[in-house]
Amino acid sequence: MTIASLSAIIDSPAARVHDILLDAPELPDWNPAFVRVEGPVRATTGVEYRLDVIRGLRGTLTYTRIDSDAITISWRVPGLSETGQWQLSPQPVRQQTRVTHTVERHGPLAALLGHALDTLPRLRLERLAERTAVPPPADGQPV
């Protein structure tokens, strides 16, 4: 098992960050590990999504917790399982959210990819921040 965690302030309201995290088919647009996520647009707990990740691996992704201040996503491919938690804390400064991303990995590939985990939360937080900077569509649907 390997674990990494990091917090960052994102210049976006918590509701916007929350919406982006729950738009499962769009996760590959900003999450570097994912190539494709197939399933319902708006995530609900327990629904299993088909997942394609880098290096051609296929598996499943499931939201195991969805609250206003925390989202947990678990995914598996052969040799690797990962649980990613996203903790959201609105900040006193308008339109900002402190996001803490914790990643826990298990399996033989986790040991092989151990060094990559050191920078993974930072990369995901940076890409999430970039994604929140893209304005939502006028019709109010998730990006």
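Everything numeric in this text was worked out from a predicted model, so none of it was measured.
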Heavy-atom pair of closest approach, residues Leu27 and Leu61: CD1-CD1, 4.1 Å
Nearest heavy-atom neighbours spanning Ser74 and Thr64: OG-CG2, 3.8 Å
Lys/Arg-Asp/Glu bridge criterion (N-O < 4.0 Å) met for Asp29, Arg127: no
Hydrophobic cluster identity match, Val47 and Val37, side-chain contacts under 4.5 Å: yes
Thr83 side-chain N/O to Glu104 backbone N/O, donor-acceptor pair under 3.5 Å: no
Polar side-chain atom of Gln87 near backbone of Gln85 as donor-acceptor pair, under 3.5 Å: no
Exercise: identify the closest heavy-atom pair between Phe34 and Pro28: O-CB, 3.4 Å
His101 side chain vs Leu120 backbone, donor-acceptor pair below 3.5 Å: no
Test: Arg124 and Glu126 ion pair at under 4.0 Å: no
Ile66 to Ala43 - nearest heavy-atom pair and separation: CD1-O, 3.7 Å
Members besides Ile54 in its Ile/Leu/Val/Met/Phe/Trp/Tyr cluster (side-chain heavy atoms under 4.5 Å): Val35
Asp69 backbone acceptor or donor facing Asp67 side chain under 3.5 Å: no
Heavy-atom check, side chain of Thr102 versus side chain of Thr100, under 4.5 Å: yes
Side chain proximity check, Thr44 to Tyr63, heavy atoms < 4.5 angstrom: no
Verdict with supporting geometry, Val41 and Asp23, side-chain contact (heavy atoms from CB on, under 4.5 Å): CA-CA 5 Å; Val41 172; Asp23 190 351; 3.6 Å; yes
Side-chain (Thr72) to main-chain (Arg65) donor-acceptor, under 3.5 angstrom: no
Contact summary for Thr97 and Pro13, nearest pair of heavy atoms: OG1-C, 3.2 Å
Residues which pass side-chain hydrogen bond (donor to acceptor under 3.5 Å, both in side chains) with Trp75, listed by chain and number, not counting sequence neighbours: Glu82
